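Following: one structure in structure tokens, then a few remarks.
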There are 2 protein chains.
Amino acid sequence: MPETPRRAVGIAANRYGNRPTMKDVAARAGVGLKTVSRVVNGEPGVTPETERRVQEAIDALGFRRNDSARVLRKGRTATVGLVLEDLADPFYGPLSRAVEEVARAHGALLINGSSAEDPDREQELALALCARRVDGLVVIPAGDDHRYLEPEIRAGVATVFVDRPAGRIDADCVLSDNFGGARAGVAHLVAHGHRRIGFIGDMPRIHTAAERLRGYRAAMEDAGIAVEDAWTSLGATDPWRVRRAAEQMLSGPSPVTAVFSGNNRVTVTVIRVLAEQSRAVALVAFDDLELADLLQPGVTVVAQDAAAIGRTAADRLFRQLDGTQIAPERIELPTRLITRGSGELPPAD
Amino acid sequence: MPETPRRAVGIAANRYGNRPTMKDVAARAGVGLKTVSRVVNGEPGVTPETERRVQEAIDALGFRRNDSARVLRKGRTATVGLVLEDLADPFYGPLSRAVEEVARAHGALLINGSSAEDPDREQELALALCARRVDGLVVIPAGDDHRYLEPEIRAGVATVFVDRPAGRIDADCVLSDNFGGARAGVAHLVAHGHRRIGFIGDMPRIHTAAERLRGYRAAMEDAGIAVEDAWTSLGATDPWRVRRAAEQMLSGPSPVTAVFSGNNRVTVTVIRVLAEQSRAVALVAFDDLELADLLQPGVTVVAQDAAAIGRTAADRLFRQLDGTQIAPERIELPTRLITRGSGELPPAD
DNA sequence: CCCGCATCTGACAACGTTGTCCAGGCCCTA
DNA sequence: TAGGGCCTGGACAACGTTGTCAGATGCGGG
């Protein structure tokens, strides 16, 4: 006996509200089940006349193929997952959009979720996506241990890490040249005469933050400058901690004359603080900002191309899915220094 | 005979790469299929000892439940779809994020896609999501006829429209008070002495654009000002067309002394153009911008709360899903005028 | 010692689709 | 007209899970 009672309206009742199935369409059109399937999927071997009848029944009933069943049968979901850090972050919008465009070109949909920078949540999310049998996964890591994905990857889930490398597993990843970008940005300040340069960035356990810090240190070392502890602030990312950090390095015994800002969220606060200072403080910021050129002075930035990163990652993902067995690779995309004024200010001691 | 050959390694080969199923786990643990299901789902009625054995087998095999099959059986996907216009638009990031947060609180995942402002693509996307049997759909309409969703809604797909109302069907929608916001913004300019005020907005077939235009006209009428054709530009949204439109209304026989900008993409270009003018032109913009307060002068805006809109819509969606039969409703959220300087400039004739 | 009851376990069907395979009808040729 | 090949259509199983239901086991009481 069926669990769900049937209604006598010509459509079998089921759990999806009350949806017609191929069986219903077949009954109405007076053909076999498989014939409906053929029509729905545009397979050959159906007379125009039969096809018309089936199409009519489909329209009349408002039939829509149940992709869950289809997926179960076929084993491919035509869906890729994107685990990112925060969709509201302006850096991830274009990235996500780029991944979506590539997915769309391959006929796939995109499921995404935010980890909110929490490793546990990242794992939970990634595994939930795997349980839905996404064909592939683009992950912007929050944690630094991704061994939990090993069984999935072995089972055939294509995986690409973005923005930060994978932790403790060997996998494709697409990154910006954080080290080189930061080094070039700081070198730019040095070239304009600065020696006391501050760095405000995120926690060094985040790869990008660590690399940018390394770039800062390298540039300072290249210039033969000893970095004082008071010049670097790590882990401050919320507005008021950034503010305090900036104010401290601007007012200590050897105050900085220039600041290198480690990411866009930090930058907006730093700009505010610098605008309040009586003397002009130079600024170079990692990540571009929409209106950076309209500020006084324009903000000199080390820009990454979020869309290119997303596109590259997604391409890589689908190349994995196309079956070309390729060894995991680490792709580093160059950054671009855009001078707009703030980075060219001379030191004001 | 099975279509797919089985391998003699203790795991049945299947189409998902090579994944263990409950059957495999059951065989390894020496228990029945249903017992595994019970353990996986935390159902009661399993001895601790049995549970341990099953858990062990799960870990050893790296089993992960196949949600496709589960969905097929249960009829609920715990997934909601979001059809938006462009994820790269800074307005939609926070909105999407808010929807995701609410979904997460209800244990659901979010699939999203961009319509790129194309009605056909919106429909294609929405129907694809329905074919995957999302439980609910949040749609930011690109088109103005949504009757194609009628069968879906009847079949039980919860649906909420956001930012713009649904076309030709009766459904929940959550909007900003575009008319009131624009009217207040323009009235603000009038209050500061302006009479020749320009409006640059999107195509009026887009509801928000039409409403904001209506708000502009209402405010002008309230002030007893006859609007000249040359003062309004509709449909220009790409940078150089906006630029041309702005330059034209600033240089005609009766040049405007203030501009009301209809959305954030228009605004960034308008700001650039105004900065190039020799005389000061006042500006009020619909939609807030990240660095609006740091520009010279700060940009006065009519702000909508994207996160609140997304949250409200998602709440509404899950209320529909919770089965409370509620009549479709149109919810309008207020906007907020934030004065920062640009809107308070006096007319410079 | 046997019965009744509670607790735990497993066999089986069903979800809606697609792949395989076969049946029947048609046309063409010899 | 018989035989062969082709084209169309349909019956059936399988995908991996969960709900139903009945069987097995153990325990206590009469």
Side-chain angles (χ1 to χ4, degrees), chain A residues 1-6 11-27 29-54 58 61 63-78 131-133 155, chain B residues 1-6 11-27 29-51 53-54 61 63-78 131-133 155:
Chain A
M1 196 187 313
E3 309 151 20
T4 320
R6 300 277 161 176
I11 300 179
N14 58 35
R15 278 179 218 72
Y16 299 102
N18 212 348
R19 274 174 180 276
T21 70
M22 285 192 176
K23 206 164 147 190
D24 301 313
V25 175
V31 302
L33 185 55
K34 187 60 218 263
T35 302
V36 176
S37 171
R38 273 192 274 259
V39 171
V40 170
N41 294 295
E43 289 170 24
V46 181
T47 332
E49 162 59 14
T50 310
E51 172 162 1
R52 198 189 49 74
R53 282 221 316 285
V54 171
I58 288 177
L61 296 175
F63 166 80
R64 196 95 55 208
R65 178 176 64 194
N66 184 334
D67 274 352
S68 296
R70 172 167 225 253
V71 158
L72 176 60
R73 186 64 234 250
K74 303 200 70 147
R76 276 287 161 118
T77 52
R132 297 202 186 204
R133 297 297 189 266
Chain B
M1 195 189 308
E3 307 151 19
T4 320
R6 299 276 160 177
I11 300 181
N14 59 33
R15 279 179 219 72
Y16 298 101
N18 213 350
R19 273 171 180 279
T21 71
M22 285 192 178
K23 206 164 147 189
D24 302 314
V25 175
V31 301
L33 186 55
K34 188 59 219 262
T35 301
V36 176
S37 171
R38 272 192 273 260
V39 171
V40 169
N41 295 296
E43 289 170 26
V46 181
T47 331
E49 161 60 15
T50 310
E51 172 162 359
R53 283 221 316 283
V54 172
L61 296 175
F63 167 81
R64 196 95 54 209
R65 178 177 64 194
N66 184 333
D67 274 352
S68 296
R70 171 165 227 255
V71 159
L72 177 60
R73 186 64 235 253
K74 302 202 69 146
R76 276 289 161 116
T77 52
R132 290 192 195 211
R133 297 296 188 265

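Letters go in sequence order (proteins before strands), and every chain restarts at 1. These numbers were taken from a predicted model, which means no experiment stands behind them.
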Side chain of [X], heavy atoms from C-beta onward: which of [options] has the nearest atom to it?
{"X": "A/Lys34", "options": "C/dT18, C/dC15, D/dG19", "value": "C/dT18"}
{"X": "A/Thr47", "options": "D/dT18, C/dT17, D/dG9", "value": "D/dG9"}
{"X": "B/Arg65", "options": "C/dT9, D/dT17, D/dG10", "value": "D/dT17"}
{"X": "A/Asn66", "options": "C/dT17, D/dT18, D/dG16", "value": "C/dT17"}

Write down the distance between [atom1] ([X]) and [atom2] ([N]), rounded to a whole number of angstrom.
{"X": "A/Lys74", "N": "C/dT20", "atom1": "NZ", "atom2": "C1'", "result": "14 Å"}
{"X": "B/Arg70", "N": "D/dC15", "atom1": "CZ", "atom2": "P", "result": "20 Å"}
{"X": "A/Arg53", "N": "D/dT8", "atom1": "CZ", "atom2": "C1'", "result": "12 Å"}
{"X": "B/Leu72", "N": "C/dT18", "atom1": "CG", "atom2": "P", "result": "12 Å"}
{"X": "B/Leu33", "N": "C/dA11", "atom1": "CG", "atom2": "P", "result": "9 Å"}
{"X": "A/Asn41", "N": "C/dT17", "atom1": "CG", "atom2": "C1'", "result": "9 Å"}
{"X": "A/Met22", "N": "C/dG19", "atom1": "CE", "atom2": "P", "result": "10 Å"}
{"X": "B/Glu43", "N": "C/dT9", "atom1": "CD", "atom2": "C1'", "result": "13 Å"}

Is it the case that the base of [N] and the side chain of [X] share a donor-acceptor contact (distance under 3.5 Å, atom types as modelled)?
{"X": "A/Arg73", "N": "D/dG16", "result": "no"}
{"X": "A/Arg38", "N": "D/dG10", "result": "yes"}
{"X": "B/Lys23", "N": "D/dG16", "result": "no"}

OP1 or OP2 of D/dT18 less than 4.0 angstrom from a side-chain nitrogen or oxygen of B/Ser37, does that happen here?
->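 Yes, because at least one side-chain N or O of B/Ser37 sits under 4.0 Å from OP1 or OP2 of D/dT18.
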Tell me whether the OP1 or OP2 atom of D/dG10 has a side-chain N or O from A/Thr35 closer than 4.0 Å.
->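 True: A/Thr35 side-chain N/O within range (under 4.0 Å) of D/dG10 OP1/OP2.
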Side chains of B/Asn41 and B/Arg65: do they bring a donor and an acceptor to under 3.5 Å?
->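 Result is yes, a qualifying pair exists.
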